[in-house]
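Working notes, structure below.
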Amino acid sequence: MAGEPGAAQNDDLRLADSLRAGDVIALTEVYDTYAPFLFDYCHGLLRDRVEASGALRNVVIAAREHVDRLTEPARLRGWLYAIARKECMRRRDSPNRHTGQEAPEAEDELTPEQLARREERRLLAHSAIAALNGRQREAIDLSVRHELDEVDLSGIFGMPLEETLALAQQAREDLAAALHAALIAQNHWKDCPSVAALTESWPLSPQTSTALVRHVENCPVCGARETPPLPPDRLLSVLPIAAIPADLRLDVLTAATAEDRAGNRRAIAAWTEPFDEYGWPLPYQPTAPRARDRAPGKRRAPLLAAVAVGVGVLVLFGGGMAWLGGGDDGTNAAATRPVTPGGSTPPGGSTAPEPIPTDPSSPTSPTASPSKSPSKSPSPSPSASEASSKPPSSRPPAPPTTSAPKPPKPGTLSVSGCDMGRNDSCTVTVTAVGGSVNWQVTGTSGPVSAGGSGHLEAGQSGGVRVSRASGFCWGRQTGTVMFSSGRSATVTYRC
């Protein structure tokens, strides 16, 4: 999908330098070159067309705002994927994320016979991939289909390079074993009663696929069975590619360049922070920062050693929209062989899952950003230490004469969308329910623009003026206004 590695690196260097110089044409080239692949990757993680479109828009905006941080301009493409992954993890962590609207598959001009053969091979591919855990699937997708090397994967996952190398190697070995087992199940199930019992339905589920791999490894009959070689690029090329919406280009480029959207761009750029010393975004953290096992700057230190031993780019293949399927087990450790059915055990035996994608456009709280150094635990106050050294009093404490005042109950923000019809603007209504609310517009999605903030007492309402985007349009248009509370309002108009 990504083209020749050498040519791609030359394009990365040229486009990165042009972006740093503020060249708007370069931003258009970045979109035209990378957007279809980034959209497919985001769709694989989010499984929703609306969310993937919003993620891609934010990636382009963040890339333009932060390109000066990138110390290796020749790795622009991998850097874009790192921004995309962090944005997708943030969106997947939202309880208000948009769901249920997957993108259509990119069309291919195939004959009915070719379509039938492709469907048969897809069932085989899904059965093999089912044995991998989520991190392994993503590593295979990035390294093989998107032609990113292990150094890029190290920056994308936020892992030390040595762990990334182990992850990629283990993923390739596990995929080969799973494909071998799936071919036995497809063509030789009659030769082994255990295989026949395991493969009553097709394609295989993750649990069945994992159990089948273990059976083949330990069965003398199946273990001796040879299967025809089928390179992963040929197998996985039949997987679907998410079709990028045709009207997304204008929306993204307008959001990234329009003068009246500068405030939105600053907020979106802030969600990508913090960065390591190489200029790569640190992995998304949904909770308060915790002490890190290692300094983030060390994760890609073995770069020169990796180049010396000839770390190469893996083979290219096309396809694969749904097989990522939001199935990331979410850890930041290296992947190992699945040890439980379904490949759900986090790589490296970790039990702390990575975020399963928060509100698609709600800003990350400052307290949720990972720190580069372990946080120090507060020491006990002097008064507490002194109190602990005093002997207990024999006289019971006097009861309080008055009750402590209760803090005011916080409210929630209710929002309602609006329809402009054929007008240039309409008003979204915001209402405080159950208590006072501080609110702020954090961003927009689609061909609309809006801004504002305020405070509402319980029961009070206010309005946010929303304007349609300028430029040519056709038919009914839909946009979204996002608020800091996590709420969002849908806005429509007709051209």
Side-chain angles (χ1 to χ4, degrees), residues 1-2 31-60 80-81 84-85 87-88 91-92 94 97-127 129-130 137-138 140-142 144-146 203 233 235-255 316-328 357 360-361 445-448 469 472-480 488 490 492 494-495:
M1 290 180 63
Y31 183 92
D32 293 339
T33 303
Y34 304 123
F37 314 118
L38 288 167
F39 179 83
D40 179 63
Y41 174 61
C42 291
H43 187 273
L45 293 174
L46 298 169
R47 297 300 300 276
D48 184 83
R49 179 183 63 84
V50 175
E51 291 291 338
S53 298
L56 176 60
R57 177 201 63 213
N58 289 359
V59 169
V60 174
L80 292 173
Y81 278 86
R85 189 176 198 276
E87 174 66 15
C88 289
R91 287 172 173 267
R92 281 176 49 176
S94 170
R97 58 182 290 204
H98 192 279
T99 58
Q101 191 175 345
E102 293 192 19
E105 179 181 352
E107 295 183 359
D108 288 322
E109 295 182 0
L110 301 178
T111 65
E113 294 78 10
Q114 291 172 326
L115 289 172
R117 286 197 299 269
R118 185 179 70 177
E119 182 62 26
E120 181 180 358
R121 182 133 328 158
R122 276 186 182 178
L123 297 177
L124 177 65
H126 283 297
S127 296
I129 293 167
R137 296 177 197 174
E138 192 175 353
I140 288 289
D141 180 48
L142 289 169
V144 179
R145 189 163 70 93
H146 294 276
D233 60 320
L235 172 71
L236 303 179
S237 64
V238 299
L239 294 175
I241 299 174
I244 187 171
D247 58 351
L248 186 57
R249 185 176 187 269
L250 176 62
D251 175 35
V252 170
L253 296 178
T254 300
L316 172 70
F317 73 96
M321 170 175 64
W323 63 285
L324 283 179
D328 179 19
S361 300
S445 173
V448 297
F472 176 78
C473 68
W474 180 264
R476 186 173 182 269
Q477 303 293 316
T478 302
T480 305
S488 60
T490 300
T492 58
R494 289 176 291 280
C495 301

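This chain uses plain numbering: 1 for the first residue, then up along the sequence. Computed from a prediction, not measured in an experiment: that's the story for all the values here.
Put simply, the side chain of Gln477 does not reach to within 4.5 Å of the side chain of Val448, judged on heavy atoms.
Of all non-hydrogen atoms in Asp251 and Pro447, the two that sit nearest each other are OD1-N, 4.2 Å. In this structure, Ser53 and Pro245 approach most closely via the heavy-atom pair OG-CG, 3.8 Å. The two residues Ala103 and Ala243 come nearest to each other via the heavy atoms CB-O, 4.0 Å. Scanning both residues, Cys88 and Leu46, for their nearest heavy atoms gives O-CD2, 3.5 Å.
Atoms CZ and CD1, on Phe39 and Ile241 in that order, are 12.0 Å from each other to the nearest 0.5 Å. The distance from atom CG of Asp32 to atom CG of Leu253, rounded to the nearest 0.5 Å, is 7.5 Å. In this structure, CG on Leu142 lies 13.5 Å from CZ on Phe37, to the nearest 0.5 angstrom. We find the CD-CG distance between Glu105 and Leu239 to be 9.5 Å, quoted to the nearest 0.5 Å. Remark: Leu115 CG to Arg122 CZ distance equals 8.5 Å, nearest 0.5 Å. One distance of note links CG of Leu110 with CZ of Arg117; it measures 9.0 Å at 0.5 Å rounding.
Screening Arg97, His43, His98 for a side-chain hydrogen bond (donor to acceptor under 3.5 Å, both in side chains) involving Asp48 leaves a single residue, His98.
A salt bridge is defined here as a Lys NZ or Arg NE, NH1 or NH2 lying under 4.0 Å from an Asp or Glu carboxylate O, and Glu87 with Arg91 meets this definition.
In this structure, Tyr31 contributes its side chain and Val60 its backbone to no donor-acceptor pair below 3.5 Å.
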Inset, instruction - Report the C-alpha distance between Arg85 and Tyr41 in whole Å, list the side-chain angles of each, state the deciding distance to 0.1 Å, and finish with yes or no for side chain to side chain contact (heavy atoms under 4.5 Å, CB included). - result: CA-CA 9 Å; Arg85 189 176 198 276; Tyr41 174 61; 3.5 Å; yes
Legend entry - Working for side chain to side chain contact (heavy atoms under 4.5 Å, CB included), residues Leu56 and Ile244: CA-CA 10 Å; Leu56 176 60; Ile244 187 171; 3.8 Å; yes
Inset, instruction - Please report the C-alpha distance between Arg47 and Thr99 in whole Å, then the side-chain angles of each, then the deciding distance to 0.1 Å, and finally whether the side chain to side chain contact (heavy atoms under 4.5 Å, CB included) criterion is met. - result: CA-CA 7 Å; Arg47 297 300 300 276; Thr99 58; over 6 Å; no
